Chemist: 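Take a look at the following structure, please.
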Amino acid sequence: MVTGRTQEIVNLAKDIYESIKPSVGLNTFMINYNSFETIELLLPFHNIYLEEQEFRVDSFCGFLMIDELENTLVVNRNHEAYRKLFTIGHELGHFFLHKHLQNAFFEKGLSDKIYSFSDLILEREANIFASELLVPCEVLETMLRMKFNFFRIYKTIGVSKAALNWRLHRFLMDKFSIDSYFAHLLINDYATKSLERIVEDSYMFFMDSNIHLQREIFAELKGEESVFYIYKEIALEKQKEAPVKLY
């Protein structure tokens, strides 16, 4: 369950997302959500100038410089678009969360071992912020309710497979109060069935807060005996009676 400082970060990212969400055409907005369009709206509003540069070390992701006149966010020109996007989201995390602590942030893109313990905390907080901002919970829930497959979601939003995997992992753990291993199995099943074009059969779409149902799904995912088919039949009947609704 999300608590404390993490919840503060989640709430802040949500508030920022809400600030750019349109008041009309919301259904279309959410099923076609592209996170770079969000970034394009946020940067000028907060007086942040974005530029690309080449770095001698390819793993160097970029940096953020904050001053009274202009805030400059630089990303590695040679990186893929999705990697640049996450770097921007990460730097925005520093901007909104940590600018009172320092005025320069450098993303080395290397092992966590190169950071001090205090810096590592800031880096992880910025990652959480980026994940929440780039893949808002409301958008993710809508796309899953529409049974978008794994690949359609990350391509539509513009993030990497790894970024979506991590976001889904946290989403499932929080929504259903399950552990990391259970979430991992659900995501693997979802990605596999997306690839096989039978995404509607993903166990993720049958999950709810019922502990007994969760236990049967967990057993199925581990290849153990279960009575999940009973719950599945009930769920399918309910789906027929209640068609998918958008916000």
Side-chain angles (χ1 to χ4, degrees), residues 9-10 12-22 25-46 48-55 58-64 71 73-97 105 107 109 123-172 187 190-191 194-195 197 199 202 204 246-247:
I9 297 169
V10 169
L12 176 59
K14 180 180 178 182
D15 288 344
I16 294 170
Y17 158 74
E18 292 285 344
S19 73
I20 59 90
K21 194 170 70 172
L26 188 55
N27 294 354
T28 300
F29 171 77
M30 286 195 289
I31 64 175
N32 294 285
Y33 182 81
N34 182 277
S35 52
F36 190 75
E37 294 175 1
T38 297
I39 297 299
E40 288 182 318
L41 290 171
L42 289 176
L43 294 179
F45 186 79
H46 294 281
I48 301 174
Y49 175 71
L50 175 66
E51 63 178 73
E52 298 185 3
Q53 293 182 11
E54 291 187 6
F55 301 109
D58 184 65
S59 59
F60 190 87
C61 298
F63 60 88
L64 172 68
N71 308 300
L73 198 166
V74 180
V75 295
N76 191 323
R77 179 177 295 155
N78 296 323
H79 284 177
E80 296 286 344
Y82 64 80
R83 192 171 179 187
K84 292 176 188 176
L85 179 65
F86 195 84
T87 298
I88 295 169
H90 180 96
E91 297 305 328
L92 284 175
H94 285 312
F95 180 81
F96 288 110
L97 297 168
F105 301 88
E107 308 314 322
E123 295 305 307
R124 289 177 176 171
E125 288 185 351
N127 279 342
I128 293 171
F129 177 90
S131 179
E132 292 286 334
L133 180 67
L134 299 179
V135 189
C137 184
E138 182 180 49
V139 170
L140 186 57
E141 284 190 315
T142 299
M143 290 183 173
L144 291 175
R145 190 178 300 116
M146 296 293 292
K147 291 186 169 58
F148 281 21
N149 68 47
F150 181 87
F151 307 98
R152 183 177 179 184
I153 292 179
Y154 81 72
K155 289 178 180 178
T156 300
I157 295 177
V159 296
S160 68
K161 295 178 186 178
L164 178 57
N165 191 304
W166 191 56
R167 182 68 182 88
L168 279 169
H169 196 273
R170 293 177 38 253
F171 170 79
L172 292 170
I187 295 167
Y190 173 54
S194 293
L195 188 62
R197 300 189 178 185
V199 68
S202 301
M204 184 186 299
L246 289 180
Y247 292 98

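Residues: numbered from 1 along the sequence shown. For the numbers below, each heavy atom of this structure counts, side chains included, while hydrogens, waters and symmetry mates do not. In this text the structure is predicted, and so the values were computed from the model without any measurement.
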Chemist: Does CZ belonging to F151 count more than 12 external heavy atoms closer than 6.0 Å?
Modeler: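 Check passes, neighbour count above 12.
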Chemist: How close do I31 and M143 get, counting heavy atoms only, and between which atoms?
Modeler: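 Shortest heavy-atom contact: O-CE, 3.9 Å.
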Chemist: Quick one: CD on E107 to CG on L73, what's the gap to the nearest 0.5 Å?
Modeler: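 Output value for this atom pair is 9.0 Å.
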Chemist: Any side-chain heavy atom of Y190 sitting closer than 4.5 Å to one from L172?
Modeler: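 Side chain of Y190 against side chain of L172, heavy atoms only: no contact under 4.5 Å found.
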Chemist: Please round to the nearest 0.5 Å and tell me the distance separating atom CG of L133 and atom CD1 of I9.
Modeler: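 Taking CG in L133 and CD1 in I9, the distance rounds to 12.5 Å.
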Chemist: Run the ring-ring contact (aromatic ring centres under 6.0 Å, His included) test against H94 and tell me which residues pass, sequence neighbours left out.
Modeler: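 Expected list: H90, H98, F105.
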Chemist: Can you name the nearest heavy-atom pair linking Y17 to P136, along with the distance?
Modeler: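 Shortest heavy-atom separation between Y17 and P136 comes out as CD1-CG, 3.5 Å.
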Chemist: Roughly how far apart are L41 CG and S19 OG, rounded to 0.5 Å?
Modeler: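 The CG atom of L41 sits 8.5 Å away from the OG atom of S19.
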Chemist: Taking E52's backbone N and O only, do any of them form a donor-acceptor pair with R77's side chain (distance below 3.5 Å, no angle check)?
Modeler: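 Yes, R77 side chain to E52 backbone: donor-acceptor pair under 3.5 Å.
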Chemist: Considering all heavy atoms of both residues, which atom of I88 and which atom of F36 are nearest to each other, and what is their separation?
Modeler: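 Result for this residue pair: CD1-CE1, 4.3 Å.
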Chemist: Tell me, please, which residues at least two apart from E132 pass salt bridge (Lys or Arg N to Asp or Glu O under 4.0 Å).
Modeler: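 Here the qualifying residues are R167, R170.
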Chemist: Which value, rounded to the nearest 0.5 Å, describes the distance between L42 atom CG and I16 atom CD1?
Modeler: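 Rounded to the nearest 0.5 Å, the CG-CD1 separation comes to 6.5 Å.
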Chemist: If the condition is side-chain contact (heavy atoms from CB on, under 4.5 Å), which residues does E80 pass it with, not counting sequence neighbours?
Modeler: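 Testing E80 for side-chain contact (heavy atoms from CB on, under 4.5 Å), a comparison that skips the adjacent residues, returns Y82.
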Chemist: Flag the pair V135 / F171 as yes when at least one side-chain heavy-atom distance between them is below 4.5 Å, and no otherwise.
Modeler: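 Result no, sub-4.5 Å side-chain heavy-atom pair not found.
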Chemist: Treating N76 as the side-chain partner and D58 as the backbone partner, does any N or O pair qualify as donor plus acceptor under 3.5 Å?
Modeler: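 Confirmed, N76 side chain pairs with D58 backbone.
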Chemist: Whether the side chain of H79 engages the backbone of S59 through a donor-acceptor N/O pair (distance < 3.5 Å, no angle test) should be reported.
Modeler: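 The answer is no, because no donor-acceptor pair under 3.5 Å joins these two groups.
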Chemist: Does F63 have any ring-ring contact (aromatic ring centres under 6.0 Å, His included) partners at least two apart in sequence or in another chain, and if so, which?
Modeler: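 With neighbours one apart ignored, the set is F106.
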Chemist: With distance as the sole test, does S35 use its side chain to make a donor-acceptor pair with the main-chain N or O of I157 at under 3.5 Å?
Modeler: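 Yes.
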Chemist: Quick one: salt bridge (charged side-chain N to carboxylate O under 4.0 Å, His left out) pairs with a partner in residues 26-40, sequence neighbours left out?
Modeler: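 Those involving residues 26-40 do not exist here.
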Chemist: Does the side chain of L92 come within less than 4.5 Å of I39's, by heavy atoms?
Modeler: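 They are in contact (side-chain heavy atoms under 4.5 Å apart), so the answer is yes.
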Chemist: Just how far is it from atom CZ of F29 to atom CD1 of I20, taken to the nearest 0.5 Å?
Modeler: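 Reported value, rounded in 0.5 Å steps: 4.0 Å.
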Chemist: Going by ring-ring contact (aromatic ring centres under 6.0 Å, His included), name the residues that satisfy it together with F96, two or more places apart in sequence or in a different chain.
Modeler: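 With neighbours one apart ignored, the set is H46, F129.
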Chemist: Using the test side-chain hydrogen bond (donor to acceptor under 3.5 Å, both in side chains), find all partners of Y33 that sit at least two apart in sequence or belong to another chain.
Modeler: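 In terms of side-chain hydrogen bond (donor to acceptor under 3.5 Å, both in side chains), with neighbours along the sequence ignored, Y33 is linked to T38.
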Chemist: If you take all heavy atoms of S194 and N149, which pair is closest and at what distance?
Modeler: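 Closest pair (atom of S194, atom of N149, distance): OG-CB, 3.3 Å.
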Chemist: Restricting to pairs with a member in residues 155-165, which pass side-chain hydrogen bond (donor to acceptor under 3.5 Å, both in side chains), not counting sequence neighbours?
Modeler: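 Counting only pairs at least two positions apart or across chains, no side-chain hydrogen bond (donor to acceptor under 3.5 Å, both in side chains) contact touches residues 155-165.
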Chemist: For a 4.5 angstrom cut-off between non-hydrogen side-chain atoms, does M30 reach E141?
Modeler: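 Sidechains of E141 and M30: no contact.
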Chemist: Are L168 and F150 packed together at the side-chain level, in the sense that at least one heavy-atom pair is separated by less than 4.5 angstrom?
Modeler: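 Counting from C-beta outward, L168 and F150 do come under 4.5 Å.
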Chemist: Just to verify, what does E18 make a salt bridge (Lys or Arg N to Asp or Glu O under 4.0 Å) with, not counting sequence neighbours?
Modeler: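 E18 satisfies salt bridge (Lys or Arg N to Asp or Glu O under 4.0 Å) with K21 once adjacent residues are dropped.
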Chemist: For a quick test of reading the model, state the closest non-hydrogen atom pair linking A130 to G89 and the distance between them.
Modeler: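 Taking every non-hydrogen atom into account, CB-C, 3.4 Å.
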Chemist: For N71, what residues pass the side-chain hydrogen bond (donor to acceptor under 3.5 Å, both in side chains) criterion, not counting sequence neighbours?
Modeler: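 In terms of side-chain hydrogen bond (donor to acceptor under 3.5 Å, both in side chains), with neighbours along the sequence ignored, N71 is linked to no residue.
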Chemist: Considering residues at least two apart in sequence or located in another chain, which fulfil the ring-ring contact (aromatic ring centres under 6.0 Å, His included) criterion with F55?
Modeler: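 Expected list: F60.
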Chemist: Measure from the side-chain N and O atoms of T87 to the backbone N and O of R83, and report whether any donor-acceptor pair falls under 3.5 Å.
Modeler: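 Yes; at least one donor-acceptor contact below 3.5 Å.
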